[in-house]
Amino acid sequence: MLVHLLRRSVLGSGILGIGVKRRCSCALQSVGCPDKAQPADMIRNRAQIKRVLCVAEKNDAAKGISDIMSNGRFRRREGMSKFNKIYEYEYHLFGQNVTVLMTSVSGHLLGLEFKTPFQKWHSCSPVLLFDAEVEKYCPENMVQIKRTLEKEVKQCQLLIIWTDCDREGENIGFEIIDVCKAVKPNIQVLRAKFSEITPNSIRRACDTLSEPDSKVSDAVDVRQELDLRIGASFTRFQTLRLQKIFPESLANQLISYGSCQFPTLGFVVERFKAIQSFIPETFYKIKVLHEVEEDTVEFSWKRNRLFNHTACLVLYQICMEDPIATVTSVTSKPKSKWRPLPLDTVEMEKLASRKLRISAKETMKIAEKLYTRGFISYPRTETNIFPPNLALGPLVEEQTQSSVWGAFAQRVLEQPGGPNPRQGKKSDQAHPPIHPTKHSSSLQGNEGRLYEFIVRHFLACVSQDALGQETVVDVDIAQEKFSTSGLMITARNYLDVYPYDRWTTKVFSRTTGVKYKLIDIERGCVTGTDATHAEHIETIKSRMYVGLTSDQRFLPGELGMGLVEGYNSMGYEMSKPNLRAELEADLKLVSEGRKDKWSVLQHHIQKYKTVFIESVHKAKKLDEALSPYLGAAQEIPEEQQQDMEIPLPIRKCPHCGRDMVLKKKREGNGKYLTCVGYPACKTAVWFPDMVLEVSRDQSICPTCRPAPVHMLKLKFRRGSLPPMMPLEFVGCIGGCDETLREVLDLKYLRAGGSGGSGGGRGDGPHPPAPPPPTAPSSNARPSLPPVPTVVPQPQPPPRALSVSASSDSNTIVCNCGQQALLLTVRKDGPNQGRQFYKCNGGTCGFFLWADQPGQQGASQSWGAPLQVSQPPRTTVNSANAGQTMCHCNETAVTRTVQKDGPNKGRMFHTCGKSREQQCGFFQWADENTPPSGAFDGGYNGGGNGGRQARRITGAATADKPPAAKRPRTCGICHTPGHTRATCPQR
DNA sequence: GCAAGGTC
């Protein structure tokens, strides 16, 4: 116990790493308050905690952590998975002894997949993969690990997550939690936070246990789902299509697409093309050499180089006429070479590749291993600033043991101010820069080389810059200027431990007034890189994707080039990292709790779906881009082309909110309307046999919700409809059209209904069972947010079908030339229930009584636009039908004009609020104008809401259809029938 | 047969 308390007091003295949330402010003097170091309210019944299950991300880490926590005195036993052992030992936690079971997973325990049948490549059009349901499942090779957890957690009262402290680690943590909670729902859960597997760090993690962060895990869920949907949809689409188009080259080739791999390919192609398109150009320069005994000093020309040979030759000859150089100046100034910045992951990969010739992948593999064995800190970090509370002294001291760089480490400790790191500008606020955590002299091979590099880099970074003195000599020959510089290193400092940087002394004697030897014109060539060499291009001709040249440079293959060019030609920046970068930025916001998981997911799904649909439409561009490499493109037969077409949404499914699309029946030529959520959602419309053809129309129903509900072009069998009805027309199946509703038996609109009559899916008739509730199924995290179901239509549907403008002479067309909308007067008054036509868009003011088509005369209805300004909005929904609503969308009050004048005693509707808050709505109670009814259903054609509604024309009265001439209106409320002097608003 | 990210 004493040891424990002492340790705690040491830990409290300011060596907390970043990323470790310090929950107890009194930790600094907390010898007397061990309990407070844990958040008191986080643990229930701590006295009852006897057995604790700890789970690390991999076996190595579990072993390393156990070794530290048990001082090497753990018992090891087998779990169900032979790669993941169980380490058992006693530990002192929350002021009591507990038994710890430490085991591990092997990375992600669960994977994400489409539900059946969508895993099958030919199960659906790839675009549907943006909506298809997904679920988490435990892959075959993880089942044993899962069983171990399920078995062991049953005897435990607390679960501590010891996965790596990064995003993926947090998500893996939640996978472990989900599995454990499924068998033991009341298990308590804590999270250990650490950046190194070293005694200090592990003990600190035990003392600062916190709650797992679901926000960070959420960000990974979003990434996973997007990667799956994007990867699968694009891969299937381009593989299936290109295999058909280039059967000879690609018949058996999988052409994968991923949101990370494709921008990478794009980068390789871009670099390659830049190098290829580089045109080498010959240049010329004058070179001056000065020979002093054995040494030769080269002077560089101030003009650097000329691309014109004659010009250079002229200058050269002038110089040659009097080749005596005059020294014009000799300057000397101190110069320093900076020590390296603290090491982050990318820098480590770059330097390891450049200096050690170890690939990035190999570097990370080794670093990972060094980390789990406690030699270095967590190697995945974006930070290049050492946090001020990280004690560098002990880390440097550790290295003094080395026979190779120990003396240098000692020098660092003795230098004034001790270790003094250069500070970068990046911090991920989670992990410190990569640094050695303990000394080793036994590491071999690349492991040893990388470890040495990390140590040397660390020591260099905390030591001092190299210092030197630079001397610059300027000379003049026939007015042409040349110069050279020399360097004297005065203090090597960090260079002594860091052989990866070169900075060498360059000496020359300073002599003035001597004759310099002027030599020849040198001819040179501005060069590209070696990759231009023809033989490399030759070698990759046979390759299909990205290859590696003999000098380790990337070369894109023909397929890779074609794909990048093809997608580029579509105008999307798909081969650039932008799309992915945008996603990464949003993921960061999700992990910080600043953006909502579902909205980010939906936004990006929608964005990529749009790109996908466009790509399919422009797929020919892919063929064109590939055919220079792969030969002529094969034509795809028309019926197969139709299969590839993307079904565009007709409307949202009234039951689950996903898209409903027209699909071809498996048998016969007909189509049916189905929810893309099938089989989870079985909403569908099977058109009766009398419907010969059905297709999507561009027009959108103005009344049906949720918008947009696309109209359908329908063609009926002769004799199947009443004689006055046309056989072809554009109609709405959203519910507003009662006739169509009856004719097509649109049962799907009824809540709980599923599918229509007749037909039956190719894969068996589906039962008329009610569809499942919105999105969530067995998946704990549903793939779609709840979507509002269709609201009841705000008005009774018109009696007749809307008639297509082109189909026959019965068409009623408004002044915009569009088919007019048939509506019914609903206001109390003599015209209640009467039908009339109005402009569909609400813009031209067209009006016509349905029962008196001839009365108003063609000249008015079909001729010049009627001067009817926007009427007031009245009833907005069925709940308050018949009531007049003001602009605040509240029931208007009815008042009587009190003032003397022509309207005295007349009733009017106005906003019921106080004078200051009034919205300005006004309407005469005795004016039951049809146009106002025409804008029922919240259809506020003007778009700018209330203000216009004050403009009521006197012509639009109940028994008089609107006149073409605008009547005089009041200057205050713009209402006709009275003047400014008699305005009730005054 | 698809992704990307863990891990072996």
Side-chain angles (χ1 to χ4, degrees), chain A residues 55-63 79 81-85 103-130 132 134 136 138-146 161-176 216-217 219-243 250-265 345 361 364-369 371-372 378-380 563 574 577 579-580 583-584 587 591 604-605 608 612:
Chain A
V55 186
E57 195 162 318
K58 47 189 171 278
N59 185 61
D60 275 2
K63 181 169 180 280
S81 152
K82 64 175 177 180
F83 301 113
N84 306 83
K85 312 292 179 193
T103 187
S104 57
V105 289
S106 291
H108 277 289
L109 187 57
L110 307 176
L112 193 70
E113 247 309 351
F114 293 107
K115 281 193 174 179
T116 43
F118 295 100
Q119 287 162 32
K120 293 219 183 312
W121 273 50
H122 292 278
S123 65
C124 68
S125 158
V127 71
L128 298 184
L129 297 177
F130 287 99
V134 291
K136 290 210 172 179
C138 185
E140 198 64 40
N141 56 342
M142 299 293 165
V143 169
Q144 295 305 84
I145 297 174
K146 181 167 172 264
I161 302 300
W162 281 90
T163 48
D164 291 352
C165 292
D166 55 13
R167 253 189 226 166
E168 293 299 326
E170 208 66 22
N171 188 266
I172 294 168
F174 275 89
E175 292 171 1
I176 296 163
V216 174
S217 170
V220 175
D221 283 342
V222 173
R223 178 200 59 71
Q224 270 185 343
E225 193 173 326
L226 277 165
D227 286 341
L228 176 66
R229 292 188 189 281
I230 297 162
S233 54
F234 276 94
T235 302
R236 284 187 200 177
F237 154 66
Q238 66 186 25
T239 302
L240 294 176
R241 184 187 166 89
L242 295 173
Q243 281 180 349
L250 302 175
N252 295 312
Q253 178 111 5
L254 177 84
I255 307 151
S256 69
Y257 179 96
S259 55
C260 280
Q261 63 171 256
F262 199 70
T264 308
L265 176 60
T345 306
K361 200 180 160 191
M364 287 315 290
K365 210 174 121 191
I366 297 170
E368 196 66 50
K369 225 170 161 185
Y371 157 71
T372 43
Y378 192 60
R380 271 171 262 156
L563 286 174
M574 291 180 63
L579 279 173
R580 183 74 191 189
L583 169 61
E584 288 296 337
L587 291 183
S591 73
H604 288 274
I605 287 180
Y608 274 97
F612 180 86

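Everything numeric here is computed off the predicted structure, so don't read it as measured data. Every chain is numbered from 1 and lettered A, B, ... according to where its sequence line falls, protein lines coming before strand lines.
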(Q) For a 4.0 angstrom threshold against heavy atoms of chain A, report the outermost contacting nucleotides of DNA chain B in 5' to 3' order. (A) B/dG1 to B/dC8
[X] near the nucleic acid: base, sugar-phosphate alone, or nothing, with a heavy-atom cut-off under 4.0 Å?
X: A/Leu228; result: base
X: A/Glu57; result: sugar-phosphate
X: A/Met364; result: nothing
X: A/Gln243; result: base
X: A/Thr239; result: base
X: A/Arg223; result: base
X: A/Ser106; result: base

Q.
I'd like to know whether A/Met364 forms a side-chain contact (heavy atoms from CB on, under 4.5 Å) with A/Thr345, so could you lay out the CA-CA distance, the side-chain angles of the two residues, the decisive distance to 0.1 Å, and finally the verdict.
A. CA-CA 8 Å; A/Met364 287 315 290; A/Thr345 306; 3.7 Å; yes
Q.
Which is more 5' along DNA chain B, the nucleotide nearest A/Arg580 or the one nearest A/Ala251? Just name the residue.
A.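 Mapping each residue to its closest nucleotide by heavy atoms, the 5'-most match is A/Ala251.
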Q: Using the closest heavy atom to pick a nucleotide of DNA chain B for each, name whichever of A/Ile172 or A/Glu113 lands nearer the 5' end.
A: A/Glu113
Q: Check whether the side chains of A/Thr103 and A/Asn84 place a donor and an acceptor atom closer than 3.5 Å, and report yes or no.
A: no
Q. In chain order, what residues pass the side chain to side chain donor-acceptor pair (under 3.5 Å) check against A/Gln144, with sequence neighbours excluded?
A.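 A/Gln144 satisfies side chain to side chain donor-acceptor pair (under 3.5 Å) with A/Arg147 only.
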Q | Residue list, side chain to side chain donor-acceptor pair (under 3.5 Å) with A/Glu57, at least two apart or on another chain | A |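 Testing A/Glu57 for side chain to side chain donor-acceptor pair (under 3.5 Å), a comparison that skips the adjacent residues, returns none.
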(Q) Could you go through A/Met142 and A/Val105, starting from their C-alpha distance and side-chain angles, then the distance that decides it, and tell me whether this counts as side-chain contact (heavy atoms from CB on, under 4.5 Å)? (A) CA-CA 8 Å; A/Met142 299 293 165; A/Val105 289; over 6 Å; no
Q: Decide side-chain contact (heavy atoms from CB on, under 4.5 Å) for A/Ile172 and A/Ile176; before the verdict, give the C-alpha distance in whole Å, the side-chain angles of both, and the deciding distance to 0.1 Å.
A: CA-CA 6 Å; A/Ile172 294 168; A/Ile176 296 163; 4.2 Å; yes
